[in-house]
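Since the model is a prediction, treat every value here as computed from it, not as a measurement. Hydrogens, waters and symmetry mates play no part in the numbers below; they use all other heavy atoms, side chains included.
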Amino acid sequence: MSTLTPFAERLEGMEQHRLPQRAYHTVRLAIRNLVLPPGQAILEREISEALEMSRTPVREALVRLETEGMLTLVPRRGFIVAPIEADDLREIYAIIGTLDGLAIELAAERAEEELIGHLDSIIVSQEEALRSGDLKKWSALDDEFHDRIVRCAGNQRLTGIIDSYADQSYRARLYTISERPVPKRSIIEHRAILATMRAKDGKAARMLMESHRSRAQREILQVLQHHEHINE
């Protein structure tokens, strides 16, 4: 767990949370960002030492993450970070692909110039990240681009459902990013999506978003299937 301590120290705003919430958010983000990779064994004692807190809040956090599917409880071994599997991702994508389309259709009608400008600046930053070869930064910016659109939709229940799958889908994107084509095509698609939002054309925005998500998801699943074939 030597990597967890410096990761936790870089997180901002954690001091405002009670210890169980602090442990939960820290471990969740570590799993999301592959600091704790798929298959990693998780021991309460090691997490407690890394986060400098007692085992009670850590245990509470790990149990919560297990119910959310981020961890798997293995008898006599404790917790392990859940693997990233193609079948699980297919089920997730079947849900969030449609919901992302609905979200942008709603957002296109509500988006103000401030949001449009911010989304445009994210795309520019993504281009800079690609030029420097920083795929991890590109992935974080990609996540922010889509998250901003979902929140602009103004539907809390829709946002909540998408958020419940966000960590799993982000983890898969980050896990496969170096084995997928350099995401120049995503930049082009993001600009096209933004153009439909400027025009407040919700139907066109939805069509482009669903196509964009479907293409990216196919690339991710191909990488995961290749890994699973090798490990058979």
Could you measure the distance from the [atom1] atom of [X] to the [atom2] atom of [Y]? Nearest 0.5 Å is fine.
X: I104; Y: H212; atom1: CD1; atom2: NE2; result: 9.0 Å
X: Q217; Y: I96; atom1: CD; atom2: CD1; result: 5.5 Å
X: D142; Y: Y170; atom1: CG; atom2: OH; result: 9.0 Å
X: R171; Y: T176; atom1: CZ; atom2: OG1; result: 11.5 Å
X: S139; Y: I177; atom1: OG; atom2: CD1; result: 4.0 Å
X: L29; Y: L4; atom1: CG; atom2: CG; result: 10.5 Å

- Query: Are a donor atom and an acceptor atom from the side chains of E179 and H227 found within less than 3.5 Å of each other?
  - Reply: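 Their side chains do contain a donor-acceptor pair, which is all the 3.5 Å distance test asks for.
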- Query: Between the side chains of R206 and T196, does any donor sit under 3.5 Å from an acceptor?
  - Reply: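 Side-chain D/A pair, R206 to T196: absent.
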- Task: Could you walk me through whether M197 and I149 pass side chain to side chain contact (heavy atoms under 4.5 Å, CB included), step by step?
- Result: CA-CA 10 Å; M197 293 183 72; I149 291 172; 4.1 Å; yes
Just checking [X]: does its [atom1] atom have more than 12 heavy atoms from other residues, nucleotides or ligands closer to it than 6.0 angstrom?
X: K200; atom1: NZ; answer: yes
X: Y165; atom1: OH; answer: no
X: R77; atom1: CZ; answer: no

Heavy-atom closest pair, residues [X] and [Y]:
X: L208; Y: A192; answer: CD1-O, 3.6 Å
X: A103; Y: I162; answer: CB-CD1, 4.4 Å
X: G202; Y: A108; answer: CA-CB, 3.8 Å
X: D201; Y: A204; answer: OD1-N, 3.1 Å
X: A153; Y: L158; answer: CB-CD2, 4.5 Å

For the pair [X] (side chain) and [Y] (backbone), establish whether a donor and an acceptor sit closer than 3.5 Å, ignoring hydrogens and angles.
X: R180; Y: R173; value: yes
X: N155; Y: R157; value: yes
X: S132; Y: A129; value: yes
X: Q168; Y: G69; value: yes
X: R55; Y: E44; value: no
X: T26; Y: A23; value: no
X: E46; Y: L43; value: no
X: S214; Y: E210; value: no
X: D147; Y: D143; value: no

Could you tell me whether [X] and [Y] make a salt bridge, using a distance below 4.0 angstrom between a side-chain N and a carboxylate O?
X: E68; Y: R64; result: yes
X: D163; Y: R151; result: yes
X: R191; Y: E127; result: yes
X: E15; Y: R22; result: no

- Task: Please assess V223 against Y175 for the test side chain to side chain contact (heavy atoms under 4.5 Å, CB included), listing each intermediate value before the final yes or no.
- Result: CA-CA 9 Å; V223 173; Y175 184 70; over 6 Å; no
Going only through I, L, V, M, F, W and Y residues with side-chain contacts under 4.5 Å, is there a path from [X] to [Y]?
X: L62; Y: M70; value: yes
X: L135; Y: I123; value: yes
X: V124; Y: I187; value: no
X: L119; Y: W138; value: yes
X: V58; Y: L73; value: yes

Please list, one pair per line, the donor and acceptor atoms closer than 3.5 Å that link side chains of residues 78-95 to other protein atoms, with sequence neighbours excluded.
unit_1 : atom_1 : unit_2 : atom_2 : d
D87    : OD1    : R90    : NH1    : 2.6

- Query: Taking only residues two or more places apart in sequence, or in another chain, which ones meet F145 in a ring-ring contact (aromatic ring centres under 6.0 Å, His included)?
  - Reply: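 So F145 forms a ring-ring contact (aromatic ring centres under 6.0 Å, His included) with H190.
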- Message: Using the side-chain contact (heavy atoms from CB on, under 4.5 Å) definition, which of the options I47, L51, L19 pairs with P57?
- Response: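 Filter result, single survivor: L19.
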- Give the intermediate values and the outcome of side chain to side chain donor-acceptor pair (under 3.5 Å) for residues R59 and S48. CA-CA 9 Å; R59 185 179 304 113; S48 298; over 6 Å; no
- side chain to side chain contact (heavy atoms under 4.5 Å, CB included) between R215 and S186, worked out: CA-CA 9 Å; R215 178 196 56 76; S186 283; 2.9 Å; yes
- Message: Is there a side chain to side chain donor-acceptor pair (under 3.5 Å) between E144 and H118? Walk through the geometry before answering.
- Response: CA-CA 10 Å; E144 183 182 357; H118 186 74; 3.0 Å; yes
- Message: Assess the residue pair L65 and I42 against the criterion (side chain to side chain contact (heavy atoms under 4.5 Å, CB included)); give the C-alpha distance rounded to whole Å, side-chain angles, the decisive distance to 0.1 Å, and a yes or no.
- Response: CA-CA 12 Å; L65 288 164; I42 301 289; over 6 Å; no
- Message: Are R28 and L36 packed together at the side-chain level, in the sense that at least one heavy-atom pair is separated by less than 4.5 angstrom?
- Response: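 SC-SC contact between R28 and L36 ruled out.
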